[in-house]
Structures are given as C-alpha cells and as structure tokens.
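Here's the structure we're looking at; comments come further down.
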Number of protein chains: 2
Amino acid sequence: MSKSYEILSSLLEKTMALQTSLVLFEWDNETLAPEGAGSYTSRVIGALSEEYYRVMTGEEMGKAIADCEEDDSLSDVERAIVKGAKEAREELVCIPSNEYRENAQLIAEAARIWSKAKKEEDFDSFAPTLEKVIGFKKKFASYRKKEGQKLYDVILDEFEKGFNMELLDEFFSRLKEEIVPLLKDIKENGKTIDDSFLSGGYPEEKQREMAHYLAEYVGFDFTKGVLAESAHPFTTNLHNHDVRITTSYRDKMDNAMFSVIHEAGHGIYELGISDEITQTPVGQGTSMGMHESQSRFFENIIGRSQAFWTPLYEKLQELYPDKLNEISIEQFMDAVNKVEPSFIRTEADELTYNLHIMIRYEIEKMIMEEDVDLKKLPEIWADKYEEYLGVRPENPSEGILQDIHWSQGLIGYFPSYALGNAFGAQLYYHMRKEMDFDELLVNGKLDVIRDYLREHIHKFGKLKTSREILKDTTGEDFTPDYFIRYVKEKYCSLYELS
Amino acid sequence: MSKSYEILSSLLEKTMALQTSLVLFEWDNETLAPEGAGSYTSRVIGALSEEYYRVMTGEEMGKAIADCEEDDSLSDVERAIVKGAKEAREELVCIPSNEYRENAQLIAEAARIWSKAKKEEDFDSFAPTLEKVIGFKKKFASYRKKEGQKLYDVILDEFEKGFNMELLDEFFSRLKEEIVPLLKDIKENGKTIDDSFLSGGYPEEKQREMAHYLAEYVGFDFTKGVLAESAHPFTTNLHNHDVRITTSYRDKMDNAMFSVIHEAGHGIYELGISDEITQTPVGQGTSMGMHESQSRFFENIIGRSQAFWTPLYEKLQELYPDKLNEISIEQFMDAVNKVEPSFIRTEADELTYNLHIMIRYEIEKMIMEEDVDLKKLPEIWADKYEEYLGVRPENPSEGILQDIHWSQGLIGYFPSYALGNAFGAQLYYHMRKEMDFDELLVNGKLDVIRDYLREHIHKFGKLKTSREILKDTTGEDFTPDYFIRYVKEKYCSLYELS
C-alpha cells in the first residue's frame with residue numbers, strides 16, 4: 001500500500017466507522033430503542049454526524065484525496081475508492097457547516113411532524129415543514145449544480161447516476177402509454193380473481209416461521225444476517241458480514257412473505273459485495289435503482305412465479321391446512337398476483353406499483369422545477385390517482401402523506417423504485433438466454449441464480465454504475481422494453497387476455 | 001456557559017457520543033448481531049476506540065481542561081464534570097497509543113480464547129493469553145501509580161475510589177470469620193429445605209411474562225428501557241433515557257426472576273441519574289460497588305423477602321398452577337433463599353456468594369503482588385473452594401475458567417460485588433429507621449423506596465464517591481457490620497438456628 005493511500009485509508013476508516021455507528025443507531029431506533037430515548041439519542045447522533053462532516057470535509061481529507069489522485073502506483077480498486085471518497089466529499093464540502101447542521105436537525109424533527117400529520121389526516125400542519133425541507137433540497141442542489149443543469153436533474157443524478165428528467169420522462173411516458181390501457185383492459189375484460197383466502201386466521205407465530213424459512217430459502221445467510229420486526233420493513237447493512245432485514249406481520253398473510261423475500265433480495269445484494277471494498281466509499285450497492293432491481297427481482301420475478309412455489313406450496317399448505325388445503329397452487333398464484341388499483345403504494349400489486357411512482361415523479365418535478373403551491377398538492381395528488389388508477393383518496397393520509405420520504409428530504413428517490421423494476425426485467429430476459437430459469441426454480445436451485453447475480457452485479461458494489469452493469473451484463477444500455485414485455489406477458493396470461 | 005467550558009463541552013460531547021456508540025455495539029453484539037459479523041465489526045469498534053483515545057488524550061482536550069480549571073465562573077456541577085474529564089484523560093494519557101491499541105486488540109481476542117478454553121476445559125491454552133493481559137494490567141498500573149503505591153491498590157482505587165488492600169483485607173477477613181462458621185452451622189444444624197419444585201415444567205413464554213411483570217413492578221421504566229435476552233444477563237445504558245437490561249430463561253424458574261430484578265436494580269440506578277449530568281464523564285453510577293449495592297438490594301434485600309412476595313405470590317401461583325398451587329409462600333421463600341455451596345458464582349446463594357468473591361480477591365492479590373506461577377492457579381483455586389465452601393471443582397471450567405472478567409482485563413473488579421452487598425445492607429438498616437420497610441413492600445409501594453434511593457444515591461451519578469454517599473446517607477463511613485448482621489439475622493431465622 002502506498003504512503004498516500006495509507007493516509008487516506010486511515011481517514012476513511014474513521015468516516016466509515018462513524019457512518020456504521022449512525023446506521024446501527026438507525027437500526028436500533030426502528031427495531032428496539034425505547035420511545036423515551038428520542039431527544040437524548042438525537043444529540044449523540046448529531047455529534048457523530050458532525051464529526052463525520054468534519055473529517056470528510058477537512059483539509060486533511062482533501063489533501064489525502066489529492067495526493068492519491070496523483071499517485072500512479074494505485075490499483076484499480078484503490079483508484080475507485082479514491083474517486084468514491086472524492087465524490088462523497090464533494091457532496092458535503094459545498095454545503096456550509098451551519099446549513100448542514102440545520103438541515104440535519106430539520107430532518108430529525110420533520111419525521112415526527114409528518115407522522116403526527118399523517119395520524120391526524122392534516123396536510124396543512126406538515127406543509128410548512130415540507131416547504132423548509134424542499135428549501136434546503138433546492139439550496140443544496142444549487143450548490144452542486146453544473147452550469148445550465150436543472151435542480152431536479154442534479155438530485156436525480158445523485159440517486160441514480162446517469163439518469164435525468166429527459167430519460168425519465170421518456171421512461172414514464174412509455175409506462176403510462178402501456179400500463180394504463182392494460183390496467184383498464186384487465187379491469188374490464190380480465191377474469192375475476194379471488195384472494196379473500198389470503199386474509200384472516202393466519203397466526204403470527206406461523207407467519208414468522210414461514211418468513212424465516214423463505215429468507216433462508218432464497219439465500220439470505222443467517223450467519224451474517226438478522227431478521228427482525230419493525231413498523232415498516234427495511235434492510236440495513238453495517239458491512240458485508242452484517243446485513244439486517246425486517247418485516248411486519250399483518251392480517252393478510254402474503255404481506256410478510258413477499259416483504260421478507262423483497263428485503264432478503266436487498267440483503268443478498270449487500271452480502272454479495274466483495275470483501276475488498278466493504279467499509280469503503282464504494283462498498284455498497286451501486287444505486288437505489290439497482291438495489292430495488294434485486295429486491296423486486298427476488299420478490300416478483302422469482303417470488304411470485306409458479307415455478308418458485310412448485311417445491312414450496314405443499315409446505316405452505318401444511319403450515320396452514322385449514323386455510324389452504326382446498327386451494328390449488330394455481331388459485332394461490334392468481335391471488336398473490338391479483339391486480340387491484342389502490343391508494344397505498346407499499347401494498348400495490350406489481351402492475352400498478354409503477355403508476356404510484358409515476359405520480360410521485362410528476363409531483364416532484366412540479367416541486368423542484370415549477371414552484372407549485374404546496375397547499376394544492378393534496379388535490380393534485382388525488383386528481384392524478386383518479387386519472388391513472390381510477391381511485392380517488394378521500395384524505396391526505398391515504399394520499400400525499402402516505403410516504404415518509406419527502407419528510408426525510410428524499411426527493412428524487414422514488415423514480416429508482418420504478419427503474420428497479422425495469423432493470424430487473426432487463427436482467428431477467430437476458431438471464432433466460434443463459435439458463436433454464438424456471439427449471440432452476442422448480443428444482444430449488446436458487447444458488448445458480450444468486451451466483452450469477454453476485455458475479456455480474458453484487459460483488460462490484462459501486463465500482464460500476466447501474467447503467468454500466470446493465471451494459472456489461474445484458475449487452476444493452478438501459479431500456480424499458482423488457483419491463484413492458486414482462487408485464488404484458490405475465491398479466492395477459494394471468495387474466496386470460498389476448 | 002463560559003467560553004472555556006463551552007469548548008470543553010463540545011469536545012466531551014464528541015467523546016461521549018463515541019463511547020455511546022461503543023456501548024451500542026457491545027449491546028448489539030451480545031443480544032442480536034450475527035455470528036459472522038465478528039472481525040469486520042471489530043475493525044469498526046477499533047476505529048471508534050482509537051478516535052476516542054485521540055480526542056481524549058489530545059492537546060485540545062488538555063488545554064480545555066486546564067482552562068476550565070482556572071475558570072472561577074464555573075458552577076459546582078460544571079467543576080465536577082471538569083474533574084471527571086481530567087481523571088478520564090489522566091487514565092489514558094499515561095498509556096502510549098501503541099500499547100493502548102495492542103491491549104485493546106488483545107482483549108478482543110482474549111475473550112474468544114477464554115471462551116474456547118472454557119468449552120474445552122483446558123486452562124493451559126488460556127494461560128499464555130492471561131499472562132499477556134496481566135502484563136498490560138501491571139504495566140498500565142505502573143504508569144499510574146503514585147510513589148510507594150502498590151500495583152493492586154492502583155487498580156482497586158480505579159474501580160472503587162477510596163478502597164485499597166488494607167481496607168479490603170479487613171473486610172474479607174471479617175466475612176471469612178463470620179460466614180464460614182455460619183455456613184458450617186447451617187449445613188450441620190439447619191433445617192432441610194426442598195427447592196426441587198423450582199425446576200422443570202416452567203414454559204419459557206410464561207417466564208418471559210413474569211420477567212417483564214417483575215421488572216415493571218420494581219420500577220424499571222419501559223418508556224426509557226428495554227428488556228432483551230442474552231447468554232449472560234447484563235445492563236447497559238446509552239444515557240439516562242435509554243437503559244437496557246437482559247436476562248436468560250433457564251430450567252430453574254427463579255433464575256430469570258431474580259436476575260431480572262437484579263438487572264432492573266442496575267437499570268433503575270442509571271435511569272435515576274439527573275438530566276444535568278447524563279452524557280458527561282460524571283453521568284453514570286458512581287462505582288461498580290455502589291452499582292452492585294443497588295442491584296443486589298433489589299434482588300436480595302427486597303426481592304427475596306416475604307414482604308415483597310406477599311402481594312405477588314398469588315399471581316405467581318396463577319401463572320404456574322400445576323407447579324405452585326400446593327406450595328405455600330413460606331415454602332417458596334425458603335426455596336429461593338436456600339443455601340447451597342456450589343462451584344458457580346453467578347448461581348450462588350446470597351450467603352456463599354461473597355466467599356466466591358473472596359477467593360477471587362485472594363487470587364488477584366497473588367497475581368498482582370506475588371508473581372504467582374499461573375500454571376498453578378487451577379490447583380490454588382480448587383484448594384480455596386475446598387477450604388471455604390467445602391466443594392472441590394473437578395475441572396477448570398467449573399473453576400478458574402468460569403468468569404470472563406480476567407480475560408477482559410477486569411482485575412480488581414470482583415471485590416466490588418462483595419462491597420455492593422455490604423453497602424446495600426448498610427443502607428438497608430439505615431432506611432429501616434426512616435420508613436416501615438416491610439409495610440411498604442407488602443403494600444407494593446416500591447416507589448417510596450425507589451424515590452429514597454434516587455434522592456440519596458442515583459441522581460448524583462459520579463458527583464459523589466461511594467464512601468461519600470454512605471457517609472451522607474447513613475451518617476457512617478463504610479462498615480461491614482451491617483452485612484454481617486443481615487446474613488446472621490436472615491439465615492439464623494430461615495434455618496431455625498439459635
């Protein structure tokens with residue numbers, strides 16, 4: 001290891017350790033921490049964040065990065081780590097420290113205000129906070145933007161390198177064009193599917209057993225992983241030897257099953273990062289979109305296929321004999337794939353899911369680029385749901401207030417969910433050329449699929465962008481075509497449409 | 001706040017945040033972290049510890065402390081915090097950073113080596129590591145020692161300010177004098193107690209319910225607290241609004257009940273620290289001895305008294321009707337107070353417990369002051385058990401290897417366990433003058449007792465030493481007399497001895 005890289009490494013080790021602590025506090029807060037801990041723990045978190053900011057933006061770090069950039073003896077991976085460090089530093093260093101702290105405090109409070117507003121179905125009490133959050137978002141983006149670049153494009157590129165409004169407009173308009181009529185066709189001409197047997201009478205204890213079984217079955221390694229419970233399912237990773245997922249157990253039994261497969265997909269991604277880069281600035285999944293491509297791939301393309309359930313369905317029936325003994329695997333597959341336009345994104349089926357995302361994308365554009373009057377958002381939201389999904393939320397908690405993201409400053413994050421679905425489909429059709437996908441699932445050989453994903457995607461972490469991964473793996477740049485093909489094939493067959 | 005104190009505060013905030021992260025990692029490791037996380041998480045912990053050492057020993061901290069010492073405008077509490085910071089710094093600053101790191105790494109490995117040796121009943125494989133640990137312990141003590149001070153006295157004073165071998169020799173010889181004959185008398189002349197009904201057939205789920213109930217009943221505040229499970233019960237605190245206890249559920253039902261009351265006692269102490277000092281160098285229980293005085297007070301003086309169980313025993317019977325319906329409260333009280341010399345300290349009854357501690361104290365003196373040949377320790381250990389307790393361990397896992405402490409460098413820590421019992425008894429006899437203790441317990445008014453402890457002990461944190469607390473509360477300096485009186489009264493009555 002060169003002298004200059006050694007200095008950088010030791011600084012990065014410190015920043016990564018601070019970040020890992022912050023991740024652990026976040027995990028702890030969502031799963032276990034006592035309610036009353038709040039403000040005192042916030043101070044601890046505040047001090048750790050400040051220290052992270054200080055080291056990251058400090059002159060020492062700046063010099064170490066500059067020295068490494070001039071050092072010809074670095075390996076490719078070392079060079080990529082230097083680049084990752086530089087980018088992470090640039091994102092912070094342009095923000096004055098007082099604004100960084102103010103924003104962090106605002107975000108910490110905003111989640112509480114949002115949560116209260118949601119409970120009370122009162123958007124107006126949240127709007128002023130949202131306005132402040134957006135204010136910081138725009139300000140920070142303006143610090144980072146290149147000559148002539150639009151603010152929303154700055155943000156989109158942060159979440160998904162290489163993506164901007166031009167590309168996303170095209171993507172979403174393709175989706176709208178294809179999915180809205182398909183949805184209409186399903187509702188008007190599709191067969192009727194009964195999914196009532198999925199609800200009621202599924203004891204939590206048995207759901208828990210099944211969730212653990214499924215996580216392990218799809219390949220989530222419990223020697224390096226944990227499955228816990230939290231209000232909303234999520235995945236968190238300390239490093240590639242400690243990845244944690246959560247789920248929650250509901251009245252509708254398929255919720256926990258598919259949420260746990262989804263989170264296991266995220267988890268498998270992080271567990272597959274190579275040892276060489278874990279705990280460095282490039283040691284995590286490359287982007288939110290690629291992350292979602294893996295979780296949705298496991299959840300939907302694998303998890304909601306009959307091939308996947310063929311070796312498992314009997315076990316499910318044995319677990320819940322009263323509920324499922326009379327239900328055939330075909331009926332079960334129909335039920336877990338049923339299309340039903342609804343208000344709540346996180347409960348949406350695979351087809352309508354992207355329409356939820358599209359609505360958020362359209363509103364985010366208005367927020368970032370059109371200075372929309374925030375007071376009008378609930379109405380705008382409801383109109384869009386009516387137009388695309390044919391349902392109109394009756395209160396803001398079913399509508400504009402449903403997601404925590406905006407309160408957290410996560411604007412520009414939603415499109416990744418839709419991109420993930422598209423990435424997944426593109427990878428899927430390519431993989432089908434390389435292996436007998438269904439045959440592998442029927443024989444429970446998920447390790448072959450997993451190994452393929454690890455070799456082509458997971459192990460690289462941020463060494464490649466999502467577009468590079470798609471290109472290198474499938475031979476094509478990103479295209480929404482495969483996702484359109486996927487939903488058409490799947491749902492026309494499921495709903496017996498021509 | 002004065003300028004100099006403001007600078008110190010901000011440095012301390014950082015060190016406390018780092019320490020709190022380390023505590024959270026420790027908690028997580030004992031309760032939940034996946035097995036495979038080990039070495040990667042160790043690196044994160046290593047980086048955080050190094051950063052703590054760096055800030056604490058840095059010139060900036062030295063100057064801030066010195067400036068504050070010269071600042072006349074500081075309040076008493078601020079002055080105490082400055083003193084606490086100075087002491088914490090002095091403990092570190094005399095150790096060269098490379099030795100600090102080497103020792104930290106050794107300790108991290110030592111626990112694994114100890115654990116393996118214990119499993120394999122092989123002391124020899126642990127001895128070389130123990131020798132290294134002791135080497136560092138002696139070296140560090142030698143850096144800190146004052147002219148003419150003995151090494152073990154340096155260490156004892158760190159754990160329990162104001163205590164040294166002279167005082168402890170006197171204390172333990174009083175215990176030996178009184179307890180060894182009392183134990184003999186009980187075995188020879190005491191009545192026979194049946195405690196067989198405490199084992200077998202107690203479902204874990206019900207034990208868990210009872211453990212939660214008892215923790216809450218004695219006053220552990222679940223809005224600021226958590227009860228989890230771990231191999232060995234312990235208490236950990238992030239700050240006075242987030243305190244966590246664990247227990248484990250065994251075949252013998254009273255284990256979890258009393259361990260949870262014990263840990264709740266520790267927890268109530270930490271929850272009772274005043275807001276003004278939490279997350280500062282004086283914001284924790286004043287010493288291990290005073291901490292144990294509170295946990296053992298709740299566990300034994302309160303928890304193993306018939307007055308405590310009078311309002312609760314019916315509930316216990318309802319929980320386990322098959323086991324307890326035929327057992328009277330008197331039989332139950334006899335059973336949970338049964339005296340039985342045994343090998344394992346953590347399972348020892350209240351009377352023999354201190355003899356276990358005495359043996360460790362005597363061996364620690366040999367280690368620190370007499371350069372004993374470590375190879376002979378298992379034999380020395382066994383001889384002492386035979387002499388004082390009348391039982392001889394057949395292998396080192398029942399003997400010298402049973403406790404993790406020495407592998408962690410915790411030499412000088414054990415005496416606090418015995419001191420805690422003595423502190424507790426001294427406080428107890430004083431409190432009986434101030435309140436009708438048994439009447440309060442019978443009526444479930446534990447809040448009166450708890451408030452008294454909070455006002456006289458808990459809220460002060462490290463603002464007072466254990467000896468100052470005893471003096472201010474009971475009007476007397478530390479004395480073992482009350483503990484001797486307590487065990488004599490309790491066990492002569494229990495075993496119907498004159």
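The sequence lines fix the lettering, A, B, ..., with proteins before strands; numbering per chain opens at 1.
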Judged by modelled atom types alone, do B:Thr246 and B:Glu263 share a side-chain donor-acceptor pair under 3.5 Å? no
Chain B contact via [X] - which portion, at a heavy-atom distance below 4.5 Å:
X: A:Phe222; answer: backbone
X: A:Asp275; answer: both
X: A:Leu18; answer: both
X: A:Thr41; answer: both

Anything under 30° is parallel, anything over 60° is perpendicular, the rest tilted; go ahead and classify A:Tyr40 against B:His239. tilted
Ion pair check, [X] and [Y], cut-off under 4.0 Å:
X: B:Glu59; Y: B:Lys63; result: no
X: B:Arg54; Y: B:Glu51; result: yes
X: A:Arg112; Y: A:Glu109; result: no

Please rank [options] by heavy-atom pairs under 4.5 Å with chain B and give me the top one.
options: A:Val243, A:Leu24, A:Asn240; result: A:Leu24
options: A:His241, A:Lys14, A:Glu13, A:Lys224; result: A:His241
options: A:Leu22, A:Leu238, A:Asp28; result: A:Asp28

Looking at B:Ser21, B:Ala47, B:Ser39, which makes the most heavy-atom pairs under 4.5 Å with chain A? B:Ser21
May I ask you to name which of B:Arg43, B:Met16, B:Arg244 has the most heavy-atom pairs under 4.5 Å with chain A? B:Arg244
Rounded to the nearest 0.5 Å, what separation is found between the CD atom of B:Gln279 and the CG atom of B:Leu12? 11.0 Å
Would you say A:Gln294's side chain and A:Ile268's backbone share a donor-acceptor pair under 3.5 angstrom? no
Proximal component of B:Glu35, with respect to chain A [non-hydrogen, under 4.5 Å]: both
